[in-house]
Trainee: 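Below is one structure. I have some questions about it.
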Amino acid sequence: MSIYDTLNEQQREAVFHTDGPLLILAGAGSGKTRVLTHRIAYLIEEKGVNPWNILAITFTNKAAGEMRERVDNLVGFGSESIWVSTFHSTCVRILRRHIDRLGYDNNFTIYDADDQKTLMKDVCRLIDIDTKVYKERNLLSAISSAKDELITPAEYELNAAGDYGKQKIAKVYLEYEKQLRANNALDFDDLLVKTVQLLQTQPDVLEYYQERFRYIMVDEYQDTNTVQFKFVSLLAGKYKNLCVVGDDDQSIYKFRGANIKNILNFEQEFHDAKVIKLEQNYRSTSNILNAANAVISNNVGRKDKSLWTDNGEGEKIQFRQFDTAYDEADFIAEDIRKHVKDGAAYNEHAILYRTNAQSRLFEERFVAGNIPYKIVGGINFYARREIKDLLAYLKTIDNGKDDLAVRRIINVPKRGIGLTTINRVQESALEREIGFYEALQGLDLIPNIGRSAGKLDSFVALMEYFKGFAAKETLSDLMKEIIEKTGYVENLEAEDKEDAQSRIENIEELQSKIAAYEESCADMDEKPTLSGFLEEVALVADIDSLDEEQDYVILMTLHSAKGLEFPHVYLAGMEDGLFPSYMTITSDDNEDLEEERRLCYVGITRAEKDLTVSCARRRMIRGETQYNKMSRFLKEIPTELMETGAAFEEEVEMPTQNAYFQAKQVFKQKAFSTGKTAKQFTVTKEKGLDYTIGDRVKHMKFGEGLVTDITEGGRDYEVTVQFDTAGVKKMFASFARLQKV
DNA sequence: TGCTGGTGGATTTTT
DNA sequence: TCCACCAGCA
């Protein structure tokens, strides 16, 4: 019996089809990772392919690690020379070797979202863009989309002809690129873009990698964007042994440029492509799978497929509606505790939600209830202030051209170097077209620097000292030396006590991450380098730190959950306005809502044994209470698959409730209004509000709606309005500026 | 130069 | 609710 006997017919077909383009349409839980790992094993063992010639691209580092491990178990040896990594890591590795061909230094730095924003601010100041009109975020996302589509600044400008706004963006884009280059830095999108440029312009480099990667596999193919597709096509251009695995129903990154056409048009792009569908689900019970199928069937324009399972029916899907989000968190915590009491492990439970902000309530509840948990996502560890500060030191030491890093730390900890001084240095650098740090090294050339010169001098001396230190000593020692000589931790201690402690702990964690990096280099016989560490840091996602061995409840967004599975899954916050989000409900592009639905599909299909879906009637969002209806996606799940739970039965709000129904309620209330309500009327009238309960009003942002309640709240009146499209909102009269219609 | 407090704006999802 | 920015003062 061979390892391939355990596969089903389609899976085997996919494994044995090794030459030529192959598209595997793998439904959720259909064993695609199994197929990929067995395929790699088959290539090595049966086809005699050198592991060195195999490239496998995954979505996260975690997935890459798992794939390597599983291949390891199958083939015994050689798996370490397979190149398994994410798109971004793959590109960085290529660029580190060859980017000098494009005029960058090979030790370029990678800018994260924070750095991008800082740089964008500079750019806008430089070319006189009013950031109140053109927001940094919007500019960056426009540029990012352009890069995803491989549009250069020059091309952008051409396309912008006649469009004033676009012309502005084109100018910004051009300058932004210029600044990145001056800083010898690349942003995330650049990693892909520059690699593609490199392969397109340097035939020998292309040839080298085409020869090297004779067999290429891409996981989560539905989430690739245009650059990523171009990258893969270039690499596979010679041997055409490209195998992509994806599921159009699980495409959830359109907002990031993922191009679903990559999957829908694969067959056109690669003419003799073979297509194999994996439709048997091994993960979930049939109740769960049927629910998922029912939801996703509401999307139009998907590749036809029907997922089935011969797993049993299993438990019904539990549906609970609560008054408040607190109740929801309470219930879920209690439910998990019950399961654990009955012998389940914490880590068999995952709570999935739409937005990171929702994690807070659960966290509070779990801390109080002493339930071990792990939140994935939110603020990235490496995005924390103290970590970024220390990394900026490393970046400055590593790449003197990274102005952003230098400017970040020049006065951190405080050295009495103020904004005026920094600006003078900056101006002088700009005039002479040199870097910021370079300008610092020739202080006598900077006018009006006067009293600050001494301070700047000693800063430069310190950095030069670190550079010398870095050349001789290990990374760990360098970090220790930086903390010591700058007095960073001491300063923290002297500051406020409140979060200083956790910041110091983070710094300790950073130090152990450095040590871990050095160790892993030693394992692989590589030399630990500063750039290497910085790069590792730049490309990790929070999900990579998820450890299946640890026994904790896992909390994360639906996006992070892609590719994972858990016995017990809770989908929390299933409310219209939250999930699907307000943005997509009001969007006029139906595609947006479909993407949310796919996200829901992803969520449901994470569950193996039980699925609990829940929502709250009332929820605090950004400090204001919102009243939401249950999610429209819940209504798409056939009721016979669901169970509402005896204790909560009477609380369940039936999907019949709509604006009309609520309006009727209000009129009833009004007709039988007690003295109290009557009094409210008079009070509001005194105040000069020209609307009362039952009136229709208009809001600047939310449109028209019906006033359902007015209560006295301190110095203002709290008005509850049922909007036609935006749902129920509670707001203060003086802010809301409602107009009677 | 640096701190403080007030104000206004904002949030979807992330390699 | 939280964060970034700005004005005003030490």
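First the proteins, then the strands, lettered A, B, ... as listed; each starts at 1.
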Trainee: Would you kindly compare A/T58 and A/T420 by the position of their nearest DNA chain B nucleotide and give the one closer to the 5′ end?
Mentor: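 Taking each residue's closest nucleotide, the earlier one in sequence belongs to A/T420.
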
Trainee: Mind listing the N/O atom pairs, protein and nucleotides 7-14 of chain B, below 3.5 Å?
Mentor:
residue: B/dA10; atom: OP1; partner: A/K135; partner atom: NZ; Å: 3.1
residue: B/dT11; atom: OP1; partner: A/R137; partner atom: NE; Å: 3.2
residue: B/dT11; atom: OP1; partner: A/R137; partner atom: NH1; Å: 2.8
residue: B/dT11; atom: OP1; partner: A/R137; partner atom: NH2; Å: 3.2
residue: B/dT11; atom: OP2; partner: A/R137; partner atom: NE; Å: 3.4
residue: B/dT11; atom: OP2; partner: A/R137; partner atom: NH2; Å: 2.9
residue: B/dT11; atom: O5'; partner: A/R137; partner atom: NH2; Å: 3.3
residue: B/dT12; atom: O2; partner: A/R354; partner atom: NH1; Å: 2.4
residue: B/dT12; atom: O2; partner: A/R354; partner atom: NH2; Å: 2.3
residue: B/dT13; atom: OP1; partner: A/N356; partner atom: N; Å: 3.4
residue: B/dT13; atom: OP1; partner: A/N356; partner atom: ND2; Å: 3.4
residue: B/dT13; atom: O4'; partner: A/R354; partner atom: NH2; Å: 3.3
residue: B/dT13; atom: O2; partner: A/R354; partner atom: NH2; Å: 2.5
residue: B/dT13; atom: O2; partner: A/H559; partner atom: NE2; Å: 3.4
residue: B/dT14; atom: OP1; partner: A/T557; partner atom: OG1; Å: 3.0
residue: B/dT14; atom: OP1; partner: A/S560; partner atom: OG; Å: 3.4
residue: B/dT14; atom: OP2; partner: A/N356; partner atom: ND2; Å: 3.3

Trainee: Surrounding CD of A/E364 (heavy atoms of other residues, nucleotides or ligands, distance under 6.0 Å), is the total greater than 12?
Mentor: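 Check passes, neighbour count above 12.
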
Trainee: I'd like to know if A/R597 pairs up with A/D249 as an ion pair, taking the criterion as any Lys NZ or Arg NE/NH1/NH2 lying under 4.0 Å from an Asp or Glu carboxylate oxygen.
Mentor: no

Trainee: Quick one: on DNA chain B, does A/G416 or A/H88 contact a more 5' nucleotide (nearest heavy atom)?
Mentor: A/G416

Trainee: Between A/D544 (CG) and B/dT15 (P), how many Å, whole number?
Mentor: 7 Å

Trainee: Only one of A/I422, A/V460, A/V425 passes side-chain contact (heavy atoms from CB on, under 4.5 Å) with A/I410; say which it is.
Mentor: A/I422

Trainee: Could you tell me the separation between the NZ atom of A/K147 and the P atom of B/dT15, rounded to a whole number of Å?
Mentor: 18 Å

Trainee: Identify every side-chain donor-acceptor pair in residues 86-94 of chain A under 3.5 Å, counting partners at least two apart or on other chains, and give the distances.
Mentor:
residue: A/T86; atom: OG1; partner: A/S89; partner atom: N; Å: 3.1
residue: A/T86; atom: OG1; partner: A/S89; partner atom: OG; Å: 2.8
residue: A/T90; atom: OG1; partner: A/S85; partner atom: OG; Å: 2.7
residue: A/T90; atom: OG1; partner: A/T86; partner atom: O; Å: 2.6

Trainee: Report yes or no: do A/D112 and A/Y382 form a side-chain donor-acceptor pair below 3.5 Å?
Mentor: no

Trainee: Just checking A/S89: base, sugar-phosphate only, or nothing, at a heavy-atom cut-off of under 4.0 Å?
Mentor: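 Here A/S89 touches no strand at all.
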
Trainee: Check nucleotides 3-10 of chain C against the protein and report each pair of N or O atoms closer than 3.5 Å, with its distance, or say if there are none.
Mentor:
residue: C/dC5; atom: OP1; partner: A/K121; partner atom: NZ; Å: 2.8

Trainee: Between B/dT13 and C/dA4, how far is it from one C1' atom to the other, in whole Å?
Mentor: 23 Å

Trainee: Does C/dT1 have OP1 or OP2 sitting under 4.0 Å from an N or O in the side chain of A/R360?
Mentor: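 No.
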
Trainee: Hey, what's the ring geometry for A/F366 with A/Y373, parallel, tilted or perpendicular (30° and 60° as the breaks)?
Mentor: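 Geometry flag for A/Y373 against A/F366: perpendicular rings.
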
Trainee: B/dT1 P sits how many Å from A/N411 CG, rounded?
Mentor: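 For the pair A/N411 CG and B/dT1 P, the rounded distance is 9 Å.
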
Trainee: May I ask you to say what A/F59 touches in the nucleic acid, namely base, sugar-phosphate or nothing, with a heavy-atom cut-off under 4.0 Å?
Mentor: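 Sugar-phosphate contact only.
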
Trainee: For the residue pair A/E328 and A/S614, confirm or rule out a side-chain donor-acceptor distance under 3.5 Å.
Mentor: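 On atom types as modelled, these side chains qualify, holding a pair under 3.5 Å.
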
Trainee: Starting at CD of A/Q116 and ending at P of B/dT15, how long is that distance when rounded to a whole Å?
Mentor: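 After rounding, the reported distance stands at 14 Å.
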
Trainee: Salt bridge check, A/K414 against A/E490: does any charged N sit closer than 4.0 Å to a carboxylate O?
Mentor: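 Salt bridge absent between A/E490 and A/K414.
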
Trainee: Whole-Å distance between B/dT15 C1' and A/Y382 OH?
Mentor: 15 Å

Trainee: Without hydrogens or angle criteria, can the side chains of A/E636 and A/N298 be said to hold a donor-acceptor pair below 3.5 Å?
Mentor: yes

